[in-house]
Amino acid sequence: MSIDPIENRDRILKELNRILSAPLFKGAKRSSSFLKYICEKTVNGESNSIKEYSIAVDAFGLELNFDQQLDPRIRVEAKRLRDRLDLYYKGPGVGDDTIISLEKGSYIPAFTLKDDPEYSTENLRQALLLDRRFLIAIEITAPQPPESEGVMLFANDLVAELHRLSRVSTESMEVIAGDQKRARSLLLEIRGQQLPGTFSLISRISLGEGGALLWNSEIRLESEELKETPAMKNRARKEAEEIVGYCRSVES
């Protein structure tokens with residue numbers, strides 16, 4: 001859900017400070033200056049003054065005769081900032097409830113809340129005991145239908161493949177219960193996100209709710225590909241193999 005930057009000034013500035021304090025931005029002076037400039041201008045109601053020239057002169061301190069037609073530096077830095085924000089929200093900012101983004105072709109930032117009513121969170125209400133070492137809970141976040149149906153198809157195929165690949169114990173229920181108590185709790189999040197012209201399926205593994213991000217993967221495809229097809233099942237199978245491969249590579 002998009003939020004008004006002026007009405008939500010404090011929330012946005014708090015998120016801005018959180019981003020700028022992250023290691024990903026601490027060593028990136030230009031990306032930090034760029035983001036700080038455009039966010040502060042926007043929350044102060046001055047987004048109309050954000051231009052390529054003003055960023056060059058006011059944010060980066062470039063020469064007054066800066067020629068945006070000949071000098072691509074601001075466009076290059078804008079792409080770097082978009083990439084850095086993408087990495088931040090896939091990594092240290094995965095749990096943030098306020099999202100700052102910069103759409104391609106624009107220098108005015110957008111602000112959204114993660115608890116978007118256009119999205120629904122569903123839980124498969126099951127956990128997978130993998131190799132008697134990891135207890136993996138499943139959580140799915142998807143847009144409302146019809147895209148949510150494709151996300152659920154992918155998620156169900158992925159979980160089925162994880163069950164197939166896991167080393168299921170054939171011992172007594174008492175032994176299995178003991179294994180479950182000793183297993184490391186992991187959270188597997190599967191999120192479907194609509195992007196301009198494409199659809200993104202993101203899989204993340206973390207150390208339980210609010211824990212450190214351990215593994216991250218993204219699949220991009222056309223919306224019409226979100227169907228129960230052999231290609232989709234193959235994508236789910238490969239994703240499951242990568243998840244299991246990662247878990248088995250972790251030392252006890």
Side-chain angles (χ1 to χ4, degrees), residues 18 22-24 86-97 99 114-116 119-143 147-193 199-221 226 228 230-252:
R18 185 182 293 118
L24 191 61
D86 187 51
L87 287 173
Y88 172 78
Y89 284 113
K90 287 178 180 177
V94 68
D96 294 5
D97 59 0
I99 310 297
K114 188 173 286 185
D115 53 339
D116 194 327
Y119 283 74
S120 60
T121 299
E122 301 185 48
N123 198 308
L124 288 184
R125 299 187 180 278
Q126 63 174 291
L128 171 73
L129 187 60
L130 176 63
D131 293 354
R132 303 171 64 173
R133 294 176 56 206
F134 301 101
L135 186 65
I136 306 177
I138 315 293
E139 186 175 280
I140 305 168
T141 306
E147 286 82 2
S148 62
E149 296 173 7
V151 176
M152 289 301 296
L153 284 171
F154 172 80
N156 279 298
D157 285 342
L158 176 58
V159 173
E161 286 296 319
L162 288 172
H163 275 288
R164 183 182 65 83
L165 293 167
S166 63
R167 295 169 182 161
V168 180
S169 173
T170 57
E171 300 182 64
S172 69
M173 190 65 68
E174 184 179 356
V175 172
I176 295 173
D179 289 340
Q180 179 171 316
K181 286 181 180 179
R182 289 186 293 271
R184 173 71 69 181
S185 294
L186 300 179
L187 174 65
L188 170 59
E189 298 172 276
I190 303 168
R191 180 180 177 86
Q193 182 176 354
F199 195 85
S200 173
L201 284 169
I202 300 171
S203 303
R204 298 182 178 124
I205 297 177
S206 58
L207 277 173
E209 188 70 34
L213 182 68
L214 302 176
W215 186 86
N216 187 84
S217 173
E218 180 180 20
I219 297 173
R220 292 203 179 191
L221 61 162
L226 287 169
E228 191 169 9
M232 178 62 81
K233 285 183 175 293
N234 189 49
R235 286 177 182 269
R237 178 181 59 80
K238 289 183 177 178
E239 192 83 345
E241 289 174 349
E242 290 186 16
I243 290 172
V244 172
Y246 167 77
C247 289
R248 288 177 178 163
S249 71
V250 177
E251 295 183 4
S252 299

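Small disclaimer: the values here were computed from a predicted structure and weren't measured. Positions are given from 1, in the same order as the sequence printed here. Atom set for the values below is all heavy atoms of this structure, side chains included, hydrogens, waters and symmetry mates excluded.
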Worksheet item: Would you find a donor on one side and an acceptor on the other, under 3.5 Å apart, between the side chain of Asn234 and the backbone of Pro230?
Response: no
Discussion item. Regarding Glu189 and Ser203, do their side chains bring together a donor and an acceptor under 3.5 Å, going by distance alone?
Written reply: no
Discussion item. Any non-hydrogen side-chain atom of Arg184 less than 4.5 Å from a side-chain atom of Leu135?
Written reply: no
Worksheet item: Can you name the one residue among Ile140, Val159, Leu201 that meets side chain to side chain contact (heavy atoms under 4.5 Å, CB included) with Phe154?
Response: Leu201
Worksheet item: What pairs with Glu241 under salt bridge (Lys or Arg N to Asp or Glu O under 4.0 Å), at least two apart in sequence or on another chain?
Response: Arg237
Fill in: Pairing residues for Lys233 by the salt bridge (Lys or Arg N to Asp or Glu O under 4.0 Å) criterion, not counting sequence neighbours
Asp157, Glu228
Fill in: Distance, nearest 0.5 Å, that separates CD1 of Ile243 from CG of Leu214
12.0 Å
Response to the item:
What one should report as the nearest heavy-atom pair of Ile136 and Cys247 is CD1-SG, 4.5 Å
Worksheet item: What's the spacing between Leu130 CG and Asp179 CG if we round to 0.5 Å?
Response: 12.0 Å
Worksheet entry | CG-CZ distance between Leu129 and Arg182, expressed to the nearest 0.5 angstrom | 10.0 Å
Worksheet entry | Side-chain heavy-atom pair Ile190, Glu139 within 4.5 angstrom cut-off | no
Worksheet item: Quick one: NZ on Lys238 to OG on Ser217, what's the gap to the nearest 0.5 Å?
Response: 12.0 Å
Discussion item. Distance check, rounded to the nearest 0.5 Å: Leu162 atom CG versus Ile138 atom CD1?
Written reply: 6.5 Å
Fill in: CZ/Arg164: more than 12 non-hydrogen atoms of other groups inside 6.0 Å
yes
Worksheet entry | Side chain proximity check, Ile205 to Leu187, heavy atoms < 4.5 angstrom | no
Worksheet, complete the sentence: When every non-hydrogen atom of Asp96 is compared with those of Ile99, the smallest separation belongs to O-CD1, 4.1 Å
Response to the item:
Arg235 meets the side chain to side chain donor-acceptor pair (under 3.5 Å) criterion, sequence neighbours left out, with none
Item to complete: Find out whether Ile219 and Glu239 are in side-chain contact, i.e. whether some heavy atom of one side chain is under 4.5 Å from a heavy atom of the other.
Response: yes
Worksheet, complete the sentence: Closest non-hydrogen contact found for Arg248 with Ser166 is NH2-CA, 4.3 Å
Fill in: Distance in Å, Phe134 CZ paired with Gln180 CD, rounded so as to fall on 0.5 Å steps
15.0 Å
